[in-house]
Amino acid sequence: MNRMNLDQIIHEAVVKHMRRPLIVAGNWKMNMTVREGREFLEKLGSVEGSVLLFPPYTTLAALAPEMRRKGVLYGPQNFHYEDGGAYTGEISIPMIRELECSCLLAGHSERRTYYNETDEALSRKTARGVRSGFQVMLCIGESLEERKNGRWQKKLIEQMALDLKDLSFRELGSVLIAYEPVWAIGTGVSASLEEIGETHRLLKLAMRELFGRELPLLYGGSVNEKNAFDIGSCPYVDGFLIGGASLKPEKFREIIEISKRV
Ligand code: PEP
């Protein structure tokens, strides 16, 4: 083993130790009525550590007190950068503030794809969210085509740079990144451990170059109770953003327990 490898192994062990506990976040997307959400929380029970849920707005508003009682942190799946006005179907920061949310989700690939969410809009959203005192979890991810044709590295770095371009060093301290390869979302097939390890390492290096600091980096894309231990054990993985498996309280609870053992 040469000196370079040894340095890398020591660095990764230190990084691994420092990033505990892992963050476990669930994105409910357009699922979970208020009644279903209430049943979910009853079955989930109380939690400790960094456990986050992003319910749809109606369920978020109705169940915010219950999530607080259970120790679950929560926030919306999307928000507008303006405080109010003629933006039919949108939701503003003052509305979110009333619910005592702690973290806002931004830039999920489904919003980028189905609602044409642009990097320009996202840079305004991330700045608005952070300056309003919230943590912002920004999702980035490459398409299958970009993964195959080798343009994935450029794409991911570009998304981070553009979407966070207006934030100062200090403001970046309120940002988390969720790396979610688009081809692994909702497919039941996560990225391989090699791909996750390589990508997370690249992103952490890019963060140091772009921002002069590292930001917490979650992996998302078909995480479940079977692969959570292995994915969570990859260096530079600071937690998970979970879609499908976050809808089942038993599975979500199991992933929370696994995240404590990694
Ligand atoms: C997601 O939508 O953010 C996600 C990761 O979904 P899934 O876990 O179902 O792949």
Side-chain angles (χ1 to χ4, degrees), residues 22-32 36-37 40 44 50-57 59-60 72-79 101 103-117 122 125-126 129 135-144 146-147 152 155-156 159-160 163 175-193 195-197 199-200 203 215-232 234 236-259 262:
L22 292 182
I23 299 158
V24 182
N27 172 17
W28 282 355
K29 313 192 187 193
M30 198 174 71
N31 298 295
M32 288 281 187
E36 289 164 345
F40 175 100
L44 181 71
S50 306
V51 178
L52 260 157
L53 282 174
F54 297 105
Y57 299 132
T59 306
L60 176 69
V72 174
L73 303 169
Y74 53 85
Q77 298 166 14
N78 180 39
F79 58 100
C101 297
C103 188
L104 319 176
L105 194 63
H108 191 278
S109 75
E110 286 150 18
R111 295 222 44 95
R112 292 180 191 257
T113 308
Y114 304 143
Y115 305 101
N116 302 321
E117 191 145 77
L122 280 164
K125 286 187 184 198
T126 54
Q135 299 235 310
V136 175
M137 188 182 292
L138 173 72
C139 302
I140 60 171
E142 82 284 4
S143 65
L144 187 57
E146 286 158 342
R147 172 59 60 171
W152 58 274
K155 171 68 177 279
L156 296 174
Q159 282 183 330
M160 268 197 321
D163 300 353
V175 176
L176 304 94
I177 302 285
Y179 165 58
E180 300 205 296
V182 177
W183 43 275
I185 296 179
T187 59
V189 183
S190 72
S192 70
L193 298 179
E195 286 164 333
I196 295 171
T199 310
H200 276 235
L203 289 173
L215 314 179
L217 182 57
L218 287 71
Y219 168 79
S222 297
V223 173
N224 57 42
E225 71 289 1
K226 297 195 179 73
N227 59 21
F229 186 86
D230 289 339
I231 294 176
C234 289
Y236 309 107
V237 171
D238 301 313
F240 314 112
L241 179 56
I242 308 161
S246 74
L247 296 171
K248 301 266 181 292
E250 314 77 32
K251 290 188 179 192
F252 195 57
R253 165 59 76 180
E254 208 175 325
I255 298 172
I256 294 169
E257 295 307 322
I258 289 167
S259 75
V262 171

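All ligand and atom numbering here is 1-based and tracks the order in the structure.
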Query - Any N or O of S222 closer than 3.5 Å to N or O of ligand 1 - result: yes

Report task. May I ask you to list the atoms of ligand 1 that are less than 4.0 angstrom from any heavy atom of N27? Result -> 2 (O), 3 (O)

Report task. Could you list which atoms of ligand 1 come closer than 4.0 Å to a heavy atom of A184? Result -> 10 (O)

Query raised in the report: With a 4.0 Å cut-off on heavy atoms, does A245 reach ligand 1?
Result: no

Query - C101 and L60: CA distance, side-chain angles, deciding distance, side chain to side chain contact (heavy atoms under 4.5 Å, CB included) verdict - result: CA-CA 9 Å; C101 297; L60 176 69; 4.3 Å; yes

Report task. Mark yes when over 12 heavy atoms from residues, nucleotides or ligands other than K29 sit less than 6.0 Å from its NZ; otherwise mark no. Result -> yes

Query raised in the report: How far is atom 4 (C) of ligand 1 from its nearest protein heavy atom, and which residue and atom name does that atom have?
Result: G243 N, 3.5 Å

Requested in this report: Carefully, step by step, assess M30 and Q77 under the rule side chain to side chain contact (heavy atoms under 4.5 Å, CB included).
Outcome: CA-CA 10 Å; M30 198 174 71; Q77 298 166 14; 6.0 Å; no

Report task. Can you pull out the closest protein heavy atom to atom 1 (C) of ligand 1? Residue, atom name and distance to 0.1 Å, please. Result -> H108 NE2, 3.3 Å

Query raised in the report: Side chain, backbone, both or neither: which part of I185 has a heavy atom under 4.0 Å from ligand 1?
Result: both

**Report entry** Which residue and heavy atom of the protein sit nearest atom 5 (C) of ligand 1, plus the separation
**Finding:** E180 OE2, 3.0 Å

Query raised in the report: Does Y219 reach the side chain of P181, with side-chain heavy atoms less than 4.5 Å apart?
Result: yes

Requested in this report: Please state whether the rings of Y179 and H200 are parallel, tilted or perpendicular, taking 30° and 60° as the class boundaries.
Outcome: perpendicular

Query raised in the report: Heavy-atom contact under 4.0 Å between A178 and ligand 1?
Result: no

**Report entry** Short side-chain donor-acceptor distance under 3.5 Å, E110 and T113
**Finding:** no

**Report entry** pair R112-Q159: side-chain heavy atoms closer than 4.5 Å
**Finding:** yes

Report task. Identify, by atom number and element, the atoms of ligand 1 in contact range of G244, meaning under 4.0 Å from any of its heavy atoms. Result -> 7 (P), 8 (O), 9 (O)

**Report entry** Ligand-residue contact atoms, ligand 1 with G186, heavy atoms, under 4.0 Å
**Finding:** 7 (P), 9 (O), 10 (O)

Report summary line: So the atoms of ligand 1 within less than 4.0 Å of a heavy atom of G221 turn out to be 5 (C), 10 (O)

Report summary line: Interatomic distance, OG@S109 vs CD1@I185, rounded to 0.5 Å, equals 3.5 Å

